[in-house]
Protein chains: 2
Amino acid sequence: MRAGRETGFRSHRAGVSVVTIQEVAKAAGVSSMTVSNVINDHPNVRRETRARVLEAMTRLGYRVNVAARNLRKGRTGTIGLAIPEVDSAYYGQLAAAIIAAAERRDLRVSIEQTGASPESELDALSLSRNRLYDGLILSAAGLGQADAERLRVDHPVVILGDRIFGGPVDHVAMPNLDASRAATRHLLSRGCRRIAIMCGAVEEIDTSRLRLAGYRLALEDAGVPVDPALVQQVGRLGMREGARRAREMAESGLAFDGVFCVTDALAMGVLRGLADVGIRVPDQVKVIGFDNVASSEFLVPSLSSIDPDHDGMAARAVDLLIQRIEQPEPSTRHAEFVGSFSVVIRESTDG
Amino acid sequence: MRAGRETGFRSHRAGVSVVTIQEVAKAAGVSSMTVSNVINDHPNVRRETRARVLEAMTRLGYRVNVAARNLRKGRTGTIGLAIPEVDSAYYGQLAAAIIAAAERRDLRVSIEQTGASPESELDALSLSRNRLYDGLILSAAGLGQADAERLRVDHPVVILGDRIFGGPVDHVAMPNLDASRAATRHLLSRGCRRIAIMCGAVEEIDTSRLRLAGYRLALEDAGVPVDPALVQQVGRLGMREGARRAREMAESGLAFDGVFCVTDALAMGVLRGLADVGIRVPDQVKVIGFDNVASSEFLVPSLSSIDPDHDGMAARAVDLLIQRIEQPEPSTRHAEFVGSFSVVIRESTDG
DNA sequence: TTGTAAGCGTTATCAC
DNA sequence: GTGATAACGCTTACAA
C-alpha cells in the first residue's frame, strides 16, 4: 500500500501518483498550511510566496482532493436533486431551473433519478443524510402523505411537489387548484360545455387529485354539471396513454368538446389521438395542458397550457434549502410555498 | 468545536449530533473495526456480534459518512456525466440510458450541466480529477478537436460525441455519416429531388459537418446535384430556429420537396414552420429528423427519424469507463466506438 | 505572514 | 473472530 513515501509519492493505482498538499509544500519550501491558504485564496499570503506555491502546484500537477476537503469541512458545496425521471420535458426543465438557481448561490447540483419509487426517494434522502450532499431537494412522486413522518430527518430537505403537505419539512408546491380552475374556466370561456379531464389515479393527495378538484370547482362556478364519464383516469401521465385514451373516448361515442389534461405530455398524446380519429382541434374539441413544456409552443396545433413559474419555484426551493443548511433550527416552523402561474393561450383552444 | 466527547456526541451544527462508528462501537461493546466490518458485510463477524452492532446502529441512528469513506477508499462509487443541457429531450434520454447502464454496474451517476461551454466542460473534467467522481463521461459540445490535448489527463474519461476524434481518450460516437446518408437516401426513395438539409455551422468537425457529409454522399450516390442553396445553417439546433428558418425558406421562394434536419428538435420546428406557411407534410414536403426523441412518434404528422442506439452507446461508454477505472493502463490504445442506428419511418415522409 | 498540531470518520493491515 | 493502530488529504485553531 505504501510506495516510496520518501520519494514524496504515494499511489492509489498502479502507475498513477497522487500529489498532495504536503508535496507541494515541500517543493515550494513552505508549510502545508500556506499551500492551503493559497488554494483557498486567503489574504494572508505574501504575493511572492503565493507565486512560488502556484508554480509548484502547476509543476507537480496538484489537484485538491475533494473527499478530504469535504470530510474536514463537513460540507460538500453540493445539493442533491432527486427527480422521478431525467428524460421527461417537465423534470428536465425543472432541473435546469434548480441548477440555475443553485448556481447563483454558488452551489453545485447533483441530479439523481428515482423512478418515482418510494424506495429510491428514501435512498436519495439517505445519501443526503450520509453527507454526500449538504441538502436535498426531493421532487416526491413515490412517497405520499402516509410517508410524511419518514421525512422527519435531522438534515436539510425541501420537498417539491404535491404529494406531501404539512409534513415535517419545507415544501414548495404548484398552484394546482387555482391553475386547474383557470384552465377549465378558459375552456368554458371558449364555449366548451362537455369538458373532459384526463388525469391519473386519485387515491392519494397528489397532482391529479388537486387538479381534478380545480376542474370541478370551475365547472361548479359556471353551473355546468360534472359528468363522471368525463373524468378520464389513466395509468401514467405520458404521451402514449394520452393518445390511446383520446382514441378510446372518441370511439366509445362519448360526447366532449374540450379536454383539460393534467400534463402537457398527456395533452400531446391527446392531440395525436384526436388526429388519429379525425377530430379537429380546436374546431371540434379544444385541448389545454399543464406545465407549458418547451415543445408545446411548436406543436401543430400549438398547445394551450398552464405555465407554472418554474424559475420562481426553483429559486424558492433553493433559498429554503440554503436557510436550513446555514441555520438548522429544528424548531422553526416549516414553510409551505405555492408558486404562481399563468394561462398560455395557443391554437389548441383558440378556435 | 468539541462538544461533550464524553457523552458520545459531537456536533457540526448547533443542536445536531453526528453519530460515528466509534460511538456505535462503544455502545455495542466492540471495536470500531467490527462495526466497519458489519457495515460492509464482511464475513468474519459472528452472527451474534453482528446483531448487537446492528441494534446499536439503529438505536443511535448511525449513518455512514460518505466523505470519510471516499477519502479512505480513494473511490466514490460515482461517475460524473457532463452534458450540455438537462432540459433537452435528446440529452435527457441519453442521461437516462447512461444511468441505467451504470446502475447495472453498481455505479451512481451525477449529472452536471455544462451549457456547452468549453470552460464548463473543463471544469467537469477537473472535478472528476479532483476525485469527486471515479471517472467522467463527457458529452462534448463546447470543446473541439483543437482542445483534444487538454483531455490527456491521468484520470478515467470517456468522450461521447462528435467533436473530438482520435484524442487521447476513449470515445463513443454516433454513426453520423452512415445514418445521415440513410436518412437522405430515404427521402430520395420517396421521390424527393430537392432535398434541403438543416444543420448548424460546420467550421469544426462536429455533428453538423459529419451529417452534412452523409447527406452529400447520399445525393452523389443518387446522381442528384448538391445545391448550396439547400444547405441551411442555423445558429442553434432548436425548435425555434427550425420553425423560423422553414418559414424563411418557404417565403424566399426556394424550391424544396424534402428536409433532412440534423436533430429532431430542428425537425419539430420545421414541421411547425411549414404549417405556418401552409405547406403540407408529407404531401408537398417530406421531413426527417435525427435522434428519434420520445415525442417524435406523437407529433402530427409523426416525425420520421434516425434512431441511434442510445442504450448500446451508453452501455459501451460505461463499460469503457469502468475498464479505465479498474485498470488504468496509461499505455493502452484508446478505443473509438461508433454506435448503430435504424431509420424509423413515420408520417412525415410517408406520403 | 507563516508554521505546528490535531483531528474530521473511515478502513487496511496485521497482530492477537 | 476481533481489536489496536495508522493512515487517507485536508483545514481549524492557535502559536510563533
Side-chain angles (χ1 to χ4, degrees), chain A residues 1-5 8-13 16-26 28-53 57 60 62-77 129-132, chain B residues 1-3 5 8-13 16-26 28-53 57 60-77 129-132:
Chain A
M1 191 63 198
R2 292 275 235 45
R5 214 198 191 312
F9 284 108
R10 208 171 301 98
S11 64
H12 280 187
R13 307 186 309 243
V16 181
S17 60
V18 175
V19 181
T20 72
I21 243 180
Q22 313 282 348
E23 284 145 16
V24 174
K26 185 177 288 182
V30 297
S31 80
S32 61
M33 250 342 278
T34 302
V35 178
S36 174
N37 285 334
V38 169
I39 293 168
N40 296 288
D41 276 327
H42 278 271
N44 288 349
V45 181
R46 230 177 28 209
R47 279 169 45 94
E48 187 190 292
T49 316
R50 179 183 304 271
R52 216 164 61 243
V53 170
M57 278 173 40
L60 299 180
Y62 172 78
R63 319 247 96 222
V64 254
N65 181 319
V66 185
R69 171 182 288 175
N70 289 348
L71 173 58
R72 180 62 235 224
K73 286 207 181 176
R75 285 279 180 88
T76 65
R129 296 170 69 193
N130 291 351
R131 318 196 148 275
L132 186 61
Chain B
M1 191 67 196
R2 291 275 234 45
R5 213 198 194 313
F9 285 107
R10 207 171 302 97
S11 64
H12 280 187
R13 306 185 311 241
V16 180
S17 61
V18 175
V19 182
T20 72
I21 242 180
Q22 313 282 349
E23 285 146 16
V24 175
K26 185 178 288 183
V30 295
S31 80
S32 60
M33 251 341 278
T34 300
V35 178
S36 174
N37 285 334
V38 169
I39 293 167
N40 296 288
D41 275 328
H42 279 269
N44 288 350
V45 182
R46 232 179 23 213
R47 279 168 45 93
E48 185 188 293
T49 316
R50 177 183 305 271
R52 216 164 62 243
V53 170
M57 278 173 40
L60 299 180
Y62 171 79
R63 319 248 96 221
V64 251
N65 180 320
V66 185
R69 171 181 289 175
N70 289 348
L71 172 58
R72 180 62 237 223
K73 287 205 177 179
R75 284 277 180 88
T76 64
R129 296 171 68 193
N130 292 351
R131 326 199 86 76
L132 186 62

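Note that these values count all heavy atoms, side chains included, but never hydrogens, waters or copies made by symmetry. Proteins get letters first, then strands, A, B, ... in listed order; numbering begins at 1 in each.
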[X] has an atom [atom1]; how far is it from atom [atom2] of [N], in whole Å?
X       : N      : atom1 : atom2 : value
B/Leu71 : C/dT11 : CG    : P     : 11 Å
B/Met33 : D/dG3  : CE    : P     : 10 Å
A/Arg63 : D/dC8  : CZ    : P     : 20 Å
B/Asn65 : D/dC10 : CG    : P     : 17 Å
B/Asn70 : C/dT11 : CG    : P     : 10 Å
A/Ile21 : D/dT12 : CD1   : C1'   : 13 Å
B/Asn37 : C/dT13 : CG    : P     : 13 Å
B/Lys73 : C/dT13 : NZ    : P     : 12 Å

Testing the basics here: between A/Ser32 and A/Gln22, what is the closest heavy-atom pair and its distance to 0.1 Å?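 Heavy atoms of A/Ser32 and A/Gln22 come nearest at CB-OE1, 3.8 Å.
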Establish whether the base of D/dA7 is bridged to the side chain of B/Arg72 by a donor-acceptor pair shorter than 3.5 Å.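 Donor-acceptor pair under 3.5 Å: yes.
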Spacing of [X] atom [atom1] and [Y] atom [atom2] [to the nearest 0.5 Å]:
X       : Y        : atom1 : atom2 : result
A/Ile21 : A/Leu60  : CD1   : CG    : 12.5 Å
A/Met57 : A/Arg52  : CE    : CZ    : 14.0 Å
B/Asn65 : A/Asn70  : CG    : CG    : 9.0 Å
A/Arg69 : B/Leu132 : CZ    : CG    : 11.0 Å

Does A/Val19 reach the side chain of A/Val24, with side-chain heavy atoms less than 4.5 Å apart?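 Yes, their side chains come closer than 4.5 Å.
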Does a side-chain N or O of [X] approach OP1 or OP2 of [N] to a distance below 4.0 Å, or not?
X       : N      : value
A/Thr34 : C/dG3  : yes
A/Arg69 : D/dT11 : yes
B/Ser36 : C/dT11 : yes

Atom pairs and distances, donor-acceptor, side-chain atoms in residues 33-42 of chain B, under 3.5 Å, two or more places apart:
from    : atom 1 : to      : atom 2 : distance (Å)
B/Ser36 : OG     : B/Asn40 : ND2    : 3.4
B/Asn37 : ND2    : B/Met33 : O      : 3.3
B/Asn40 : ND2    : B/Ser36 : O      : 2.8

With the side chain of B/Gln22 defined as its heavy atoms from C-beta on, choose the nearest nucleotide among C/dT10, D/dC10, C/dA12.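 Nearest nucleotide to the side chain: C/dT10.
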Using the side-chain heavy atoms of B/Ser31, tell me which of these nucleotides is nearest: D/dC10, C/dT4, D/dA4.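 In terms of side-chain proximity for B/Ser31, the closest of D/dC10, C/dT4, D/dA4 is D/dA4.
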Axis bend over the full length of the helix from C/dT1-D/dA16 to C/dC16-D/dG1, computed from five pairs that close each end, to 10 degrees: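 For the helix from C/dT1-D/dA16 to C/dC16-D/dG1, the axes at opposite ends meet at about 30°.
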Using a 4.0 Å cut-off on heavy atoms, which residues in residues 38-53 of chain A reach DNA chain C? List them by number, or say none.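 The stretch gives A/Asn44, A/Val45, A/Arg46, A/Thr49 as the residues lying under 4.0 Å from the strand, ordered by number.
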